[in-house]
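Read the structure below first, then the notes.
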Amino acid sequence: MENVRLEISAPLARVTLDRPAKLNALNAQTIQELSQAFAQLREDDAVRAVILTGAGDKAFAAGADIGELARLEPIAGRDYGLRGQALFRAIELFPKPVIAAINGYALGGGLELALACTFRLASEAARLGQPEVKLGIIPGYGGSQRLPRLIGPGRALEMLLTGEPLTAAEALACGLVNHVFPAVELLPKAEEIARKIAANAPLAIRLCLEAVRRGMETNTEEALTLEASLFALLCTSEDMKEGTRAFLEKRAPRFQGH
Ligand code: COA
C-alpha cells in the first residue's frame, strides 16, 4: 500500500493515512487501500482494537482529494460517493473498536472518516470542520447524517452551513471528541485507552458495539429487544463463565474470545 500504513502489534493495530505532502487527502487509491487494511484487520483475531491516525504533524486528513473531486461527472460522482460511504459504514459497523486519533486537520471527508469511528481523540492543534459548502457541494461520506446525530442538529448545522472548523477545545465541549491531549501524548494516550478495551472480553466488546450502533438506528422497543438477545448470546460464552468465575475467585480473568 502506498497511502496507508498498517502496523500490527497485537492486541492493537495502527492504521496511518500516509500522504502527508497532500495533508493525507483521501483520493480513490487511499479509499481503496483503507478498505484493504480494514478487511485484513477484520479477519485477524489477534487484533482487538484499532487506532486510526494521520502521518505528519499537520493533518489527520484534509478531506476528499479536491483535484479528483473537480473532475467528477454525475455518474462517476455517485460511484465515488458510494465507495467512500461503503468504507465508512464498514468502519462504523466494524466488530472491533476503531479510535480516531486526530492529530491536525480533520476536514470534509477527514472529519467524516473520524465520525464513522467508534470515538475520537484529538491533539490540541486539531481543527475539525465540514467545509464542503465552500466548494459548492455538501458532505458525501455521511457527514450530513453522522455529525447531527453526534452533536445535535443545531451545532452540526452551524458547522455545515458556515464551513468553519472547530478548535480542539470547541470539539471537546460539544462531544465531537472525547479527550484533547498535547500532540506528543495523543498516540500514547490512544494506545492506553485501546489497551484497556483490548483487555476486556472480546465477544462482549463486539456485541456491545453492535448493541449501541444498531440500537441507535432503531426505536427504543426494538433496541431493548436487541440488547436482551445479545445479552443472552453472551450468556452462552466461555468468557462470560470465566469473567464471572474470576470475579468470585478474586483473580484476573483469562478471556479467550469465545
Ligand atoms: N485535496 C487535495 N489536496 C489537498 C487537500 C485536499 N482536500 N488539502 C490540502 N491539499 C494539498 C494542497 O493542495 C497542497 O498541495 P501542493 O503543495 O501540491 O500545492 C498541500 O496539500 C498542502 O496544503 P496547503 O493548502 O498548502 O496547506 P496550508 O497549511 O496552507 O492549508 C488547509 C491547510 C487544510 C487549511 C488547506 O489545505 C485546505 O483548506 N484544504 C482543503 C480542505 C477542504 O476543503 N477539505 C474538504 C474537501 S471536500
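Atoms considered below: every heavy atom in the structure, side chains included; atoms not considered: hydrogens, waters and symmetry mates. Just so we're clear, the structure is a prediction, and the values are computed from it rather than from any experiment. Atoms within each ligand, like the ligands themselves, are counted from 1 in listed order. Numbers here simply count residues along the sequence, with the first being 1.
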Report summary line: Shortest non-hydrogen pair, K96 vs D44, comes out as NZ-O, 2.6 Å

Report task. Report the residues that fulfil side-chain hydrogen bond (donor to acceptor under 3.5 Å, both in side chains) with T167, sequence neighbours left out, ordered by chain and then residue number. Result -> E170

Query - Heavy atom of protein inside 4.0 Å of atom 41 (C) of ligand 1, strictly below - result: yes

**Report entry** R89/E92 ion pair, N-O < 4.0 Å
**Finding:** yes

Report summary line: For L135, the atoms of ligand 1 under 4.0 Å from one of its heavy atoms are 44 (O), 47 (C), 48 (S)

Report task. Could you tell me the residue and atom name of the protein heavy atom closest to atom 20 (C) of ligand 1, and the distance to it rounded to 0.1 Å? Result -> A21 O, 3.3 Å

Query raised in the report: Is a salt bridge present between E158 and R155, judged by a nitrogen-to-oxygen distance below 4.0 Å?
Result: no

Query raised in the report: For atom 30 (O) of ligand 1, is the nearest protein heavy atom closer than 4.0 Å?
Result: no

Query - For E249, salt bridge (Lys or Arg N to Asp or Glu O under 4.0 Å) partners two or more places apart - result: R251

Requested in this report: Please say whether more than 12 non-hydrogen atoms of neighbouring residues, nucleotides or ligands are located less than 6.0 Å from CD in E7.
Outcome: yes

Query raised in the report: Any idea which protein heavy atom is nearest atom 45 (N) of ligand 1, and the distance to it?
Result: A62 O, 3.0 Å

Query raised in the report: In the protein, which heavy atom is nearest to atom 25 (O) of ligand 1, and how far is it?
Result: L23 CD1, 4.9 Å

**Report entry** Heavy atom of protein closer than 4.0 angstrom to atom 13 (O) of ligand 1
**Finding:** no

**Report entry** ligand 1 contact by G109, heavy-atom criterion under 4.0 angstrom
**Finding:** no

Report summary line: re atom 39 (O) of ligand 1, the protein heavy-atom contact at minimum distance is L107 CD1, 4.7 Å

Query - For K58, atoms of ligand 1 separated by under 4.0 Å from a heavy atom - result: 27 (O), 28 (P), 29 (O)

Query raised in the report: How does P131 reach ligand 1, if at all, at less than 4.0 Å between non-hydrogen atoms: by side chain, backbone, both, or neither?
Result: side chain

Query raised in the report: Would one find an N or O of G67, backbone or side chain, under 3.5 Å from an N or O of ligand 1?
Result: no

